Every structure is written in C-alpha cells, then in structure tokens.
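For reference, the structure discussed in these notes is given below.
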Amino acid sequence: SDICSLPFLAKICEKIKSTLKNSVPFRDVDSDKYSVSPTLRGYHWRGRDCNDSNKMAYPGRRPDNWDVHQDSNCNGIWGVDPKDGIPYEKKFCEGSEPRGIILLGDSAGAHFHIPPEWITASQMSLKSFIDLPSALTDELNWPQLSGATGFLNSTSGLKENSIYLHLRNRNRCNHRDYQNLAKNGASSQNLERIIESLSRNPRSDHPAIVIYAMIGNDVCNGKIDPVPKMTTPEQFYSKVMETLKYLNSHLPNGSHVILYGLPDGTFLWDHLHNRYHPLGQLNEDVTYERFYTFLGCLQVSSCHGWMSSNKTLRALTSERAEQLSNILKKIAISKKFTNLDLLYVDFDLQAVMKKWQKRGGQPWQLIEPVDGFHPNEVALLLMADGLWDKMQLQWPQVLGKENPFNPQIEQVFGDQGGH
Amino acid sequence: PSNGHACVGCVVVVSVIEQLAQVHNSTVRASMERLCSYLPEKLFLKSTCYSVVRVFGPDIIKLLSADMNADVVCHTLQFCQQDPGQAFCHLYPLPKETWKSTLEKARQIVKKSPTLKYSRSG
C-alpha cells in the first residue's frame with residue numbers, strides 16, 4: 001500500500017515529501033526557489049523563473065547592470081533602446097519603486113478548492129476531472145486564482161483582480177514578483193518552517209508587501225471540544241512577534257506587512273446550515289448541518305467551532321477570533337521595526353457579503369460548496385479588491401507609484417513573457 | 001476516531017457511485033466503470049481507480065444492490081469504524097430498522113468476501 005516503499009520510487013518520493021514539507025519548488029535546478037514548472041510549489045505559487053540555470057536570475061531582484069544583457073529579474077524588460085542607447089530597465093523602471101507581493105497564509109490564502117463537479121453525479125463527464133492531477137500536485141489549492149497572488153483570469157467571470165495583478169497593472173516592472181507561501185493547516189503557531197521558504201534578499205531585492213493572513217487555524221480544529229486546542233492570545237502574540245522579527249531581518253528596507261484579522265465564522269452556519277450539500281442535492285437528503293455533524297463526529301472537521309449546531313460553541317470561537325484580531329491591532333499600532341511598517345486590516349466578511357448582494361448575489365455563494373468552509377474565488381477576489389481600495393485610499397505609500405512608462409513597456413515587451 | 005479521512009473519502013466515493021447509477025439508470029458495476037473512465041491517466045488515477053474497483057467492487061455491488069447506503073457500505077468495508085465509546089458517525093439519515101441489525105445484515109452479505117481478509121489498508 002505504500003508505493004514509496006518501491007526502491008525505484010524512493011528517491012522521487014523523498015523529493016516530493018521535502019517539497020511539501022518545506023514549501024519550496026519540486027523542480028528548481030538552480031535552487032533559487034523559483035521554478036519553470038507550475039505545480040508542486042512551482043510558478044502557480046511563485047513568479048516563474050526566467051533562467052533556471054542561473055540562481056542570480058529570479059523575480060523581484062534589483063536588475064544586474066540594468067539588465068543590458070539578460071533579464072535578471074524575470075520581469076521581461078531587458079536590453080538597450082537602440083534609439084538612445086539607454087537600457088530599457090533603466091529607462092522604464094528606475095525610480096518607479098518596484099515591489100513584490102508575498103502571502104503568509106493558510107488554505108484560504110492558497111485558495112483551497114474542490115470543484116463540485118467532482119462529486120456531483122448529474123454534472124459529471126469526461127471533462128470533470130481534467131484539473132485533478134494539477135490540483136492534487138498543488139495540495140488541492142489553486143494559488144494561481146487566489147486573491148493575493150492570482151495571475152490567471154477569474155473562472156467566475158469577475159472583473160476584480162488579485163493584489164498581484166493590481167500591483168502589476170500599477171507598475172509593469174512588478175511583473176512576476178509574487179510569492180504565495182500559504183499552506184493548508186498553517187497557523188501562527190507553525191509558521192517557522194514555512195517562513196524559511198520565503199525568498200527575499202535584503203540587499204539585492206526590491207521591497208515587498210507581505211500579507212499575514214492566518215485567518216482560521218488558530219481557532220479551528222477538528223476536536224470534539226475545540227476550545228482547549230485554540231491558540232491563546234499570549235501564544236498568538238509571542239509567535240506573531242517572532243514572525244515579524246524574522247521578516248524584519250529578511251526583507252529589504254521599505255517593505256510593508258499587512259496583518260489580516262480573523263473573520264467571524266458564524267457566517268458559515270448562518271448562511272449554509274439548512275442548504276443542501278452537493279452530495280445531498282440529488283435526493284435532497286444531506287444538508288450542510290448533516291455534513292458538518294458527520295465531519296465533527298469523525299473529528300476531521302476543518303473547523304468544528306464554527307461548523308457546529310452548538311450556538312454557544314460558535315460564539316466562543318468567534319470570541320477567541322476577535323481576541324486574536326485585537327492582538328494584531330495592538331501590534332500594528334504599537335510595534336516599530338527598522339525595515340518594515342505594520343498595517344492592520346479586518347477580515348470583513350460582512351462587507352464582502354454586502355458588496356456581493358448589491359450585485360444580486362447570495363451569501364452562500366461566497367463559500368466553497370464541497371467543503372462548506374473556505375471562502376471561494378468570488379469571496380477571495382472581492383476581499384482582495386476591498387484591500388486594494390483601502391491601500392489606495394489610506395496607505396498609497398505601500399503600493400509604490402503608478403508607472404508612467406507602462407504603455408511603453410507594453411508596446412516594446414508585450415506581455416513580458418507572460419506567467 | 002482513527003482514519004476519519006478514509007471514512008469521509010469512502011462515503012463520498014460510494015455516494016458518487018450510487019448517484020451515477022441513479023442518474024444514468026445503470027447498474028452499480030456500470031457506474032463504477034463510468035467513474036473510472038472519467039479519470040485522467042496522469043498520476044495513475046485511472047489505473048488506480050480500476051484497481052480499487054477490482055478489489056472492492058464486488059462487495060460494493062452486493063451491498064448497494066441490497067439497498068444499503070454509503071454509510072453502511074463504508075462501515076461494512078471497515079473504512080469507517082465506530083471506535084469503542086465513540087458516537088456512530090453517519091452522513092445520511094439512519095435506516096428505518098436499527099443501525100445494528102442493518103450492519104449485521106450487511107456483514108452477512110459480504111461474509112465470504114476475500115477482500116475483508118486483508119487488513120483495512122488505506
């Protein structure tokens with residue numbers, strides 16, 4: 001039963017396990033943490049490497065000699081303008097304050113998604129499982145469509161962009177400068193190993209916008225009584241400060257960290273409990289209440305505290321979530337670091353719901369139908385759009401300037417090599 | 001409980017098999033073949049599916065044909081287990097007759113099955 005026990009598979013299994021454990025690309029010839037393949041922590045998760053045999057060529061770095069001879073930062077801009085002999089990178093990007101986006105998050109940030117057509121018999125066809133191999137090798141996540149680092153067009157037809165695409169539209173020199181370090185099950189308490197997969201050199205790279213979005217696992221677990229296992233405010237404070245000290249010593253000066261609060265997850269029960277789960281739609285027999293009870297009974301629920309018929313438990317879970325959010329607020333106001341500044345933002349599901357209802361949407365349409373827990377692509381993009389608006393209005397310094405040369409960059413370099 | 005995820009996986013897969021048979025008005029065997037045919041060959045997904053059908057298919061056919069639901073099938077095949085002192089976990093409404101007698105009847109149906117000689121391998 002353990003296929004990895006076969007001798008000829010042992011090595012590749014070892015490598016895959018290392019990839020999953022350390023959140024670094026499986027295929028990375030020059031070991032610069034950037035890859036030319038999509039899945040297994042490849043360019044679905046971090047900007048595609050433009051030269052996988054040169055570890056000094058990777059997204060987000062300051063250009064080497066203005067990229068006269070090669071594209072050292074993978075933004076697709078290099079060479080010299082024959083008209084005046086000025087390097088394009090110098091002409092189009094110098095002084096434009098390029099920056100990258102880095103997400104430290106959990107399964108929500110990685111955009112955990114199980115397509116409902118995988119378990120809905122009435123819709124099933126040969127096309128249903130086309131994405132299954134890719135999804136499995138991305139741990140059932142779709143970061144390429146996520147709210148923070150998504151670079152593909154939305155599958156739900158929304159016009160909203162991810163934070164990364166907003167940054168790229170603002171300054172085309174930011175092309176490919178994204179890192180999604182989110183991981184299923186991540187919380188403030190287990191970030192040590194994940195954060196080491198962050199790739200940024202304080203001396204040679206551009207500043208970064210780091211989004212810290214541990215939005216659930218500090219209060220979510222599958223225990224019958226989930227409260228004892230929830231992160232306490234003291235534990236939370238201690239680990240968040242540890243993470244911020246690490247970031248301060250690894251990020252270029254002029255970076256920013258946006259601390260996302262935790263949501264009020266009672267939203268789930270309130271809007272889903274009496275709706276049919278995809279498995280229950282054919283015979284109208286399985287509601288989300290039944291689905292939650294089943295997972296809770298097996299102790300494999302994503303979040304027993306909120307996915308529960310026990311109103312008191314749901315309220316207790318939200319209360320702890322709010323306590324942890326207040327810790328982040330206090331840290332953002334009171335703590336200062338040399339290389340980065342801190343900003344706090346609420347994970348405001350109600351605001352997203354109102355925005356969606358204005359378009360005629362229903363609240364339950366914001367949640368992943370199969371797991372009945374994660375925010376889906378619509379919710380993630382509306383959330384990203386709300387954050388972008390807030391940053392533009394309140395913290396424009398975080399975003400860098402609008403690059404006046406964007407049209408010229410597009411004219412000379414087109415899609416800059418795409419993603 | 002041990003192997004909660006295996007239990008969820010089993011109940012979801014058997015539910016899909018049952019509903020495919022219902023939607024296409026086909027036999028359970030045809031429904032399992034159909035499901036495997038939908039899977040891509042990449043990552044050995046299709047061949048793994050046919051292997052699982054070869055091992056567990058006969059029992060699943062017998063049990064679903066006896067109108068057992070996915071909960072009963074997965075408890076009988078031991079992907080779901082009610083650990084001592086634990087509640088009985090089920091996704092679908094309980095059958096009319098007592099759970100115990102339903103499970104006993106199901107176990108009789110697959111009593112001679114070679115499958116259950118193997119330890120409940122993942």
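Small disclaimer: the values here were computed from a predicted structure and weren't measured. Numbered from 1 within each chain, the chains take letters A, B, ... in sequence-line order.
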(request) Verify the neighbour count for atom CG of A:Asn153: are there more than 12 heavy atoms of other residues, nucleotides or ligands below 6.0 Å? (result) no

(request) Output the option from B:Ala70, B:Ala87, B:Pro40 having the highest count of non-hydrogen pairs under 4.5 Å with chain A. (result) B:Pro40

(message) Less than 4.5 Å to any heavy atom of chain A: does that hold for the side chain of B:Gln22, its backbone, both, or neither?
(response) side chain

(request) Evaluate the disulfide (SG to SG under 2.5 Å) criterion for residues B:Cys10 and B:Cys74: first the C-alpha distance (whole Å), next the side-chain angles of each, then the deciding distance (0.1 Å), finally the verdict. (result) CA-CA 6 Å; B:Cys10 174; B:Cys74 295; 2.1 Å; yes

(request) Name the region of B:Val13, side chain, backbone, both or neither, that has any atom closer than 4.5 Å to a heavy atom of chain A. (result) neither

(message) Given heavy-atom pairs under 4.5 angstrom as the criterion, report whether the side chain, backbone, both or neither of B:Leu20 touches chain A.
(response) both

(message) I'd like to know if the side chain of A:Ser134 and the backbone of A:Asp131 have a donor-acceptor N/O pair within less than 3.5 Å.
(response) no

(message) Please report whether the SG atoms of B:Cys89 and B:Cys80 are separated by less than 2.5 angstrom.
(response) no

(message) At a heavy-atom distance under 4.5 Å, which candidate from A:Gly296, A:Pro133, A:Gly222 has the highest pair count against chain B?
(response) A:Pro133

(message) Taking side chain as everything from C-beta outward and backbone as N, CA, C, O, which of these in B:Ser37 sits under 4.5 Å from a heavy atom of chain A? Side chain, backbone, both or neither.
(response) backbone

(message) I'd like to check B:Val8 versus A:Leu295 (side-chain heavy atoms, cut-off strictly below 4.5 Å). Are they in contact?
(response) yes

(message) Just by distance, no angles: are the side chains of A:Asn184 and A:Ser107 close enough, under 3.5 Å, to form a donor-acceptor pair?
(response) no

(request) For each of A:Ile224, A:Ile119, A:Leu282, tally heavy-atom pairs with chain B at distances under 4.5 Å, and name the one with the top tally. (result) A:Leu282

(request) Select, from A:Thr120, A:Leu136, A:Asn283, the one with the greatest count of heavy-atom pairs under 4.5 Å involving chain B. (result) A:Asn283

(message) Under 4.5 Å from any heavy atom of chain B, what part of A:Ser128 do you find: side chain, backbone, both or neither?
(response) neither

(message) Between A:Glu139 and A:Arg41, does any NZ, NE, NH1 or NH2 come within less than 4.0 Å of an OD or OE carboxylate oxygen?
(response) yes

(message) Taking side chain as everything from C-beta outward and backbone as N, CA, C, O, which of these in B:Leu91 sits under 4.5 Å from a heavy atom of chain A? Side chain, backbone, both or neither.
(response) both

